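Next up is a structure, given as structure tokens.
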Amino acid sequence: MVIILKENPETSQLENLISWIKAQGVTPHITQGMHQTIMGLVGDTARIDIELLQQMEIVEAVRRVQEPFKNANRKFHPLDTVVKVKDAVIGGGGMAVIAGPCSVESEEQIITVARSVKTSGAKLLRGGAFKPRTSPYAFQGLREEGIRLLLEAKKDTGLPIVTEIMDLSQLDLFADVDVIQVGARNMQNFELLKQLGHTNKPILLKRGLANTYQELLMSAEYIMAFGNENVILCERGIRTFETYTRNTLDISAVPALKILSHLPVIIDPSHAAGMAKFVAPLSLAAVAAGADGLIIEVHNNPACAKCDGMQSLTMPDFDKLMKKINIMKEAQTACNAF
């Protein structure tokens, strides 16, 4: 349920309304816009008397929200959410690029790549310490050592770090990680999502291989319902009947999710296609569609990468792509002005 308040409500009336709502066993969430104040009600609103609410002096209108996700719903929060990570800003019309290798392999590798992507304009450094792999015989990541090396790269470059958590037992190891990534396979690991809701760290939540927009938003709802509103949605391709590419990038996820939700939306072009030659065109398509950011795999020597070298850009290719992204972003800004 959403309550739209009249402009400039009196403080005493607002406090009385909030107290009354809480007495009904429902939690109010207030969003203050430039010209309008909206109060979203989370909980069992079935017994709320809408007619009584509509008669209150400070209430403009009352609307029921049909979607099961409430905190993530744009109807509750009309303004875009902006997630700030150090100097990086994700959401609100900007373009934050996260770049780095699929997996951390050595101190020299991660620092070399970190320095390069920062020079090219990346705002955050990605790198896998714990790697979910289909085969138990494939490289599983350096684990705790991988996080230590990411922190060394952060110390060297100043870039905030993004890395994936796979299990609740690893949570303590992420104390100094700036953004915790939840991978596609864990999108519906609800116990993990609940615990991440108790943290104050931004969570980068990837869409599952065969999940709907609503299911993605319901997973975000788990995190937000437990107190953490710093959620970043990530479209990384879904599984379809097509076999030429690794997955199929659902570019319509950007405008669709932005209509449904106020949360920032980024695109992962590397995992979407699984081939480096597609990363640039998919990245530019994402910028044109209005994505708030990109997460791109970059390696100093993709041919020798221990994980996903086929989809990783070289450092010079990433630099060329960043120049194109900047031009595309300027063109999009100019287009939006009309």
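Only this structure's heavy atoms are used, side chains among them; waters, hydrogens and symmetry mates stay out. Please read these numbers as outputs of a predicted model, since none were measured by experiment.
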Identify each donor-acceptor pair in which a side-chain atom of residues 269-282 lies under 3.5 Å from a protein atom, sequence neighbours left out, and give them as a table.
unit_1 : atom_1 : unit_2 : atom_2 : d
S270   : OG     : E297   : N      : 3.0
H271   : ND1    : D268   : OD2    : 2.8
K277   : NZ     : Y244   : OH     : 3.4

- Item | Spacing of L263 atom CG and D292 atom CG [to the nearest 0.5 Å] | 10.0 Å

- Query: Do I203 and V85 belong together in a cluster built from hydrophobic side chains that touch within less than 4.5 Å?
  - Reply: no

- Query: Can you name the nearest heavy-atom pair linking L159 to A114, along with the distance?
  - Reply: CD1-O, 3.7 Å

- Do K70 side-chain atoms and G43 backbone N/O form a donor-acceptor pair below 3.5 Å? no

- Message: Just so I know, are the side chains of F76 and N71 near enough to count as touching, which here means a heavy-atom distance under 4.5 Å?
- Response: no

- In this structure, CG of L171 is separated from CD1 of I165 (nearest 0.5 Å) by 4.5 Å

- So, Q170 side chain and M166 main chain: donor-acceptor pair closer than 3.5 Å or not? yes

- Verify, without hydrogens or angle tests, whether S261 (side chain) and A72 (backbone) share a donor-acceptor contact under 3.5 angstrom. yes

- Group every Ile, Leu, Val, Met, Phe, Trp and Tyr by side-chain heavy-atom contacts under 4.5 Å, then state whether L196 and I147 land in the same group. yes

- Task: Kindly state each residue pair satisfying salt bridge (Lys or Arg N to Asp or Glu O under 4.0 Å) with at least one member in residues 217-243, sequence neighbours excluded.
- Result: R207-E235

- Derivation of the side chain to side chain contact (heavy atoms under 4.5 Å, CB included) call for L41 and M39: CA-CA 6 Å; L41 307 187; M39 184 181 296; 4.0 Å; yes

- Presence of salt bridge, K131 and D308, under 4.0 angstrom: no

- Item | Working for side chain to side chain contact (heavy atoms under 4.5 Å, CB included), residues F69 and Q214 | CA-CA 8 Å; F69 52 93; Q214 180 165 301; 4.2 Å; yes

- Message: Test your reading of the model: is there a side-chain donor-acceptor pair from K306 to the backbone of A138, 3.5 Å cut-off?
- Response: no

- Listed by chain and number, what are the ring-ring contact (aromatic ring centres under 6.0 Å, His included) partners of Y222, not counting sequence neighbours? F190

- May I ask whether I4 and M1 are part of the same hydrophobic cluster, defined by side-chain heavy atoms of I, L, V, M, F, W, Y residues being less than 4.5 angstrom apart, directly or through others? no

- Here the gap from I223 atom CD1 to K201 atom NZ, rounded to the nearest 0.5 Å, amounts to 14.0 Å

- Of all pairs that satisfy salt bridge (Lys or Arg N to Asp or Glu O under 4.0 Å), the ones with a partner from residues 99-124, not counting sequence neighbours: R115-D156

- Are V298 and S116 close enough, and set up right, to give a side chain to side chain contact (heavy atoms under 4.5 Å, CB included), and what steps lead you there? CA-CA 10 Å; V298 181; S116 178; 5.9 Å; no

- Does the side chain of L125 reach to within under 4.5 Å of the side chain of I110, using non-hydrogen atoms? yes

- Might you confirm whether atom CZ of R63 has over 12 heavy atoms from other residues, nucleotides or ligands at distances under 6.0 Å? no

- Query: Among all residues two or more places apart in sequence or in another chain, which pass the side-chain contact (heavy atoms from CB on, under 4.5 Å) test with P255?
  - Reply: none

- Message: Between N16 and I58, is there a side-chain heavy-atom distance shorter than 4.5 Å?
- Response: no

- Message: Are V231 and L193 connected into the same hydrophobic cluster when the rule is that any two of I, L, V, M, F, W, Y join if their side-chain heavy atoms are below 4.5 Å apart?
- Response: yes

- Query: Would you find more than 12 non-hydrogen atoms of other residues, nucleotides or ligands less than 6.0 Å from D49 atom CG?
  - Reply: yes

- Item | Interatomic spacing from CE in M224 to OG1 in T81 - rounded to 0.5 Å | 6.0 Å

- Message: Using a 6.0 Å cut-off, check whether atom CE of M328 has over 12 heavy atoms from anything other than its own residue.
- Response: yes

- Kindly give the cluster partners of V82, where membership spreads through any ILVMFWY side chain lying under 4.5 Å from a current member. V89

- Message: Could you report the tightest heavy-atom contact between Y213 and A256, atom names first, then the distance?
- Response: CE1-CB, 3.5 Å

- Message: Which heavy atom of A289 sits nearest to which heavy atom of Q332, and what is that distance?
- Response: C-NE2, 4.4 Å

- Report yes if some heavy atom in the side chain of T31 is under 4.5 Å from a heavy atom in the side chain of P78; otherwise report no. yes

- Query: Where is the tightest heavy-atom contact between H29 and V42, given as atom of each residue plus distance?
  - Reply: CD2-CG2, 3.5 Å

- Gap between atom NE2 of H299 and atom SG of C307 - 0.5 Å precision: 9.0 Å

- Message: Contact between L5 and L17 at the side-chain level, heavy atoms closer than 4.5 Å - yes or no?
- Response: yes

- Side chain to side chain, R143 and L173, heavy atoms closer than 4.5 Å: no

- Message: I'd like to know if the side chain of S106 reaches the main chain of Q109, judged simply by a donor and an acceptor atom lying under 3.5 Å from each other, with no hydrogens or angles considered.
- Response: yes

- Query: Between F226 and H198, what is the ring plane arrangement, given parallel below 30°, perpendicular above 60°, and tilted in between?
  - Reply: perpendicular

- If Ile, Leu, Val, Met, Phe, Trp and Tyr residues are connected whenever their side-chain heavy atoms lie under 4.5 Å apart, and connections chain through other members, are I232 and V177 in the same group? no

- Message: Using the side-chain contact (heavy atoms from CB on, under 4.5 Å) criterion, which residues pair with M95? Sequence neighbours excluded.
- Response: V97, V287, L294, I325, K329

- Would you mind reporting whether V113 and N300 have side-chain heavy atoms less than 4.5 Å apart? yes

- Message: Which heavy atom of P132 sits nearest to which heavy atom of R185, and what is that distance?
- Response: O-NH1, 3.8 Å

- Note on the structure: Across all chains, not counting sequence neighbours, the side chain to side chain donor-acceptor pair (under 3.5 Å) partners of T199 are N228

- Residues sharing F241's hydrophobic cluster, by side-chain heavy-atom contacts under 4.5 Å among ILVMFWY, directly or via others? none

- Note on the structure: Taken to the nearest 0.5 Å, the spacing of T119 OG1 from D319 CG works out to 8.5 Å

- Output the rest of the hydrophobic cluster of I327: all Ile, Leu, Val, Met, Phe, Trp and Tyr residues reachable through side-chain heavy-atom contacts under 4.5 Å, sorted by chain and number. none

Would you give me the side-chain donor-acceptor pairs under 3.5 Å for residues 18-27, sequence neighbours excluded?
unit_1 : atom_1 : unit_2 : atom_2 : d
S19    : OG     : E15    : O      : 3.0
Q24    : NE2    : W20    : O      : 3.2

- Heavy-atom side-chain contact between L204 and I98 under 4.5 Å: yes

- Item | Which atom of K86 lies closest to which atom of P160, heavy atoms considered | CG-CG, 3.5 Å

- Query: Are any side-chain N or O atoms of D178 and backbone N or O atoms of I161, one a donor and one an acceptor, separated by less than 3.5 Å?
  - Reply: yes

- Task: Show your working on side chain to side chain contact (heavy atoms under 4.5 Å, CB included) between N73 and L217 and close with a plain yes or no.
- Result: CA-CA 8 Å; N73 200 314; L217 290 170; over 6 Å; no

- Query: What pairs meet the salt bridge (Lys or Arg N to Asp or Glu O under 4.0 Å) rule with one or both residues in residues 72-85, with sequence neighbours excluded?
  - Reply: E67-K75, R74-D80

- Hey, is the main chain of I48 close enough, under 3.5 Å, to the side chain of T45 for a donor-acceptor pair? no

